[in-house]
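This report concerns only the one structure given below.
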Protein chains: 2
Amino acid sequence: MKELYEPLDEETLFIVSQTFKALSDPTRIRILHLLSSGEFSVTEIANRLSLLQSTVSHQLRFLKNLRLVKYRREGTTLYYSYDDEHVLHILEQTIRHARDH
Amino acid sequence: MKELYEPLDEETLFIVSQTFKALSDPTRIRILHLLSSGEFSVTEIANRLSLLQSTVSHQLRFLKNLRLVKYRREGTTLYYSYDDEHVLHILEQTIRHARDH
DNA sequence: AACTTATATGAACATATATTCATATATTGA
DNA sequence: TCAATATATGAATATATGTTCATATAAGTT
């Protein structure tokens with residue numbers, strides 16, 4: 001790939017690094033990958049992935065801040081789903097790439 | 001995007017997280033982005049990006065370990081270039097995405 | 001061999017990060 | 001209002017990470 005080089009401005013650099021940081025942690029990867037198949041409550045995510053509820057909640061806040069996930073409320077339950085198709089696409093692409101080792 | 005959910009095995013998870021970790025640091029992003037436009041020596045990279053030679057060298061080792069960059073020698077000079085088109089493609093894709101805010 | 005230039009390396013430090021535990025908040029139903 | 005359930009939050013801790021400084025290695029030149 002041959003790209004025209006253009007130095008990265010601070011803001012772009014920040015957004016890009018934050019985006020990839022979100023995808024650099026195994027727990028967040030597993031959560032996002034699960035959410036690629038539908039919406040789940042915090043407890044469901046924790047159970048499916050064998051994580052503490054607190055851990056899931058912390059990481060969901062992280063992902064929410066970056067607008068990578070969203071939720072809808074139903075009673076006391078919050079159903080989370082992904083909210084950034086582009087980022088999810090990159091993740092799934094990279095997972096497939098990694099699987100062909 | 002609707003994906004079939006398949007729990008991630010340890011190895012895939014490791015590769016994916018490592019890949020994104022490489023792309024999560026501003027310095028490494030700037031280096032890879034520069035390398036998207038050609039090959040550069042360590043000193044050239046340091047000068048262009050206003051970084052210490054040592055910093056660049058450390059980060060290049062990091063990227064080299066993940067086989068994201070390679071180098072060729074010419075005398076005492078090492079010319080680095082990218083070595084993973086897929087990862088570079090993801091980076092450039094995300095940069096463009098971030099630039100349209 | 002001595003000198004110069006280019007690059008790599010290791011230790012030290014400061015900072016960032018993920019997880020855990022304990023507890024707080026919020027919603028629903030009795 | 002009280003109890004039960006679901007989720008969020010803050011503090012503490014352990015670990016990971018990036019940069020810097022000093023120095024080592026390596027290749028080329030005289």
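Residue numbers begin at 1 in each chain, while the letters A, B, ... track the order of the sequences. Computed from a predicted model, the values in this text were never measured in an experiment.
In this structure, the nucleotide among dA18(C), dG28(D), dG18(D) sitting nearest to the side chain of R28(B) is dG18(D). With dT19(C), dC21(D), dA6(D) as the choices, the nucleotide that has an atom nearest any side-chain atom of H58(B) turns out to be dC21(D). Each of dA18(C), dT19(D), dA6(C) was ranked by its minimum atom distance to the side chain of Q59(B); first place goes to dT19(D). Distances were taken from every side-chain heavy atom of S57(B) (C-beta onward) to each of dG18(D), dT9(C), dA27(D); the shortest belongs to dT9(C). Closest to the side chain of R61(B), out of dT9(D), dA6(C), dT9(C), is dT9(C). When distances run from any side-chain atom of T27(A) to the nucleotides dG18(D), dA18(C), dC21(D), the shortest one goes to dA18(C).
Atom pair K21(B):NZ and dA16(C):P shows a separation of 17 Å (rounding to whole Å applied). Nucleotide dT7(C) holds its P atom 17 Å from the NZ atom of K70(B), rounded to whole Å. Remark: C1' of dT23(C) and CG of L52(A) are 15 Å apart, rounded to the nearest angstrom. If you take CZ of F40(B) and P of dT7(C), they are 13 Å apart, rounded to a whole angstrom. D25(A) has its CG atom 13 Å from the P atom of dA16(D), to the nearest Å. Look at CG on L78(A): it is 12 Å from P on dA26(C), rounded to the nearest Å. The distance from atom CZ of F62(A) to atom P of dT7(D) is 21 Å, rounded to the nearest whole Å. Between Y71(B) atom OH and dA6(C) atom P the separation is 17 Å, expressed in whole Å.
In terms of position on DNA chain C, the residue among T76(A) and S24(A) whose nearest nucleotide sits closer to the 5' end is S24(A).
Between the side chain of Q53(A) and the base of dA8(D), a donor-acceptor pair under 3.5 Å is found. One N or O donor and one acceptor, one from the side chain of S54(B) and one from the base of dT9(C), sit under 3.5 Å apart.
Of the candidates Y80(B), F40(B), Y82(B), Y71(B) forms a ring-ring contact (aromatic ring centres under 6.0 Å, His included) with just one, namely Y80(B). When K21(A), Q18(A), R28(A) are each tested for a side chain to side chain contact (heavy atoms under 4.5 Å, CB included) with L66(A), only one passes: Q18(A).
Note on Y80(A): only backbone sugar-phosphate atoms sit closer than 4.0 angstrom, heavy atoms only; bases stay farther off.
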- Message: What verdict does the side chain to side chain donor-acceptor pair (under 3.5 Å) test give for H89(B) and Q93(B), after you've listed the backbone C-alpha separation in whole Å, the side-chain angles of each residue and the deciding distance to 0.1 Å?
- Response: CA-CA 6 Å; H89(B) 179 70; Q93(B) 210 179 311; 3.3 Å; yes
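Between H33(B) and Y5(A), the angle of the ring planes lies from 30° to 60°, which puts this pair in the tilted group.
Contact check, T55(B) against dT20(D): a side-chain N or O comes under 4.0 Å of OP1 or OP2. Taking side-chain N and O atoms only, T43(B) has a distance below 4.0 Å to OP1 or OP2 of dT7(C).
Enclosure of atom CZ in R72(B) by more than 12 non-hydrogen atoms of other residues, nucleotides or ligands within 6.0 angstrom is indicated.
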